[in-house]
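Down below is the structure, laid out as structure tokens.
Every number for a ligand or one of its atoms is a count from 1 in the order of the listing.
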Amino acid sequence: PHVSAARYGKDNVRVYKVHRDQSTGVQTVAEMTVCCLLEGDIETSYTKADNSVVVATDSVKNTIYLLAKQNPVTPPEYFASLLGSHFIKKYSHIHAAHVKITTHHWERMTIDGKPHPHSFVKNAGETRNVEATISRKDGISITSSIVGLSVLKSTGSAFHGFVRDEYTTLPETWDRILSTDVDAGWTWKTFGTHEAVKASVGKFDKAWEVARDITLKRFATDDSASVQATMYKMSEDILAAVPETETVTYALPNKHYFELDLSWHKGIKNTGTDAEVYVPQSGPNGLIKCSVSRG
Ligand SMILES: O=c1[nH]c(=O)c2nn[nH]c2[nH]1
């Protein structure tokens, strides 16, 4: 037997950084959780108990905090590229770094109609993520994503005309609730070097804003024939709006809200056009995935 693949490092490295603008007193915060795994000529640490090739995961963790102190930590695409590039520059036997950054969304509070200089609220559950592979040979591939953005529409969603056979019980509907937890990702065209990422630094925040706006607008305004049809439109829009992206990927759970028949009680009408009280389902849920590429 032989090592067919290996990577190791530190996961769940939580980092918080504050920027204090002395002139205005405005403070800005960033909080993220980092996973950084290294890949390279490390097989002997597995096969021969040879620790001479091991950059300790504790040193990986130390490096994350040091680089966070010495460099900007936003946008996360920039910091992921900077962090990964550090390891392949510093250690000739490390040939790739796999960096995942989950950033937590501290939204500045508005108090008495004014942005507060140092107080923030966290949007429940929504994160902005980056997964990057920084490779000596293949350059820097980055995928950005929005995860955990929970949305619901109370109408404007239908699902009919699907396969009807001896396995089908689902009734067709022309008016249903649609709810999902958005997981939307966009893969950037590969960057040759960290300098190329640095040159594009202004594009990452804009792309996240555009992708989020497109997702919400299409979700709200599309007269949805299915999750599949709506997510394809979202993907087309993002590819058109962000030319530096190559592929857009969505993974959308279909979080079902079941109608509840109450007619057993004095004939109360609560189904079809009379439906008002529904039963939100924790599971099973649909899961619809799609990647859309150029051309
Ligand atoms: O939007 C939907 N897509 C599907 O594939 C599906 N299957 N059941 N309900 C569904 N809704």
Side-chain angles (χ1 to χ4, degrees), residues 102 105 123-129 131 143-187 207-242 245-265 268-295:
T102 301
H105 197 46
N123 275 6
E126 179 185 350
T127 61
R128 171 181 171 182
N129 302 349
E131 292 200 47
T143 297
S144 309
S145 65
I146 297 165
V147 177
L149 173 58
S150 298
V151 290
L152 177 143
K153 63 191 306 187
S154 54
T155 186
S157 168
F159 187 61
H160 48 79
F162 48 89
V163 169
R164 195 145 221 102
D165 60 16
E166 67 274 29
Y167 294 98
T168 308
T169 56
L170 184 71
E172 294 192 301
T173 175
W174 280 258
D175 181 0
R176 69 173 181 178
I177 293 160
L178 182 60
S179 179
T180 190
D181 301 328
V182 172
D183 179 343
W186 46 102
T187 299
W208 173 79
E209 241 175 85
V210 160
R212 193 174 190 279
D213 290 349
I214 284 170
T215 300
L216 295 180
K217 182 171 181 184
R218 275 295 187 184
F219 180 82
T221 61
D222 186 37
D223 200 1
S224 176
S226 65
V227 175
Q228 289 90 330
T230 301
M231 74 207 292
Y232 185 78
K233 292 174 185 175
M234 293 171 178
S235 305
E236 284 182 311
D237 290 354
I238 293 173
L239 284 175
V242 190
T245 54
E246 222 152 44
T247 300
V248 174
T249 301
Y250 275 87
L252 299 179
N254 192 351
K255 300 168 71 186
H256 306 297
Y257 285 63
F258 285 175
E259 287 196 356
L260 178 64
D261 185 333
L262 292 175
S263 58
W264 50 271
H265 183 85
I268 287 185
K269 291 181 180 307
N270 188 55
T271 57
T273 53
D274 298 308
E276 293 171 290
V277 176
Y278 294 75
V279 185
Q281 300 294 302
S282 310
N285 58 268
L287 177 57
I288 320 288
K289 293 187 165 190
C290 177
S291 285
V292 178
S293 299
R294 291 188 184 283

Report task. Could you name the protein residues that come within less than 4.0 Å of ligand 1, counting only heavy atoms, and order them by chain and residue number? Result -> F159, L170, R176, S226, V227, Q228, N254, I288
**Report entry** S145: which of T249, N129, T187 passes side chain to side chain contact (heavy atoms under 4.5 Å, CB included)
**Finding:** N129
Requested in this report: Would you tell me whether T271 and D261 have side-chain atoms, one donor and one acceptor, within less than 3.5 Å of each other?
Outcome: no
Report task. Name all residues meeting the salt bridge (charged side-chain N to carboxylate O under 4.0 Å, His left out) criterion together with D222; count only those two or more places apart in sequence or in a different chain, and write none if there are none. Result -> K233
Report summary line: For E259, the salt bridge (charged side-chain N to carboxylate O under 4.0 Å, His left out) test, sequence neighbours excluded, returns none
Query raised in the report: Any chance OH of Y232 has more than 12 other-residue heavy atoms, nucleotides or ligands included, within less than 6.0 Å?
Result: no
**Report entry** Counterpart residues, ring pair (Phe, Tyr, Trp, His ring centres under 6.0 Å), relative to W174 (two or more places apart)
**Finding:** H160
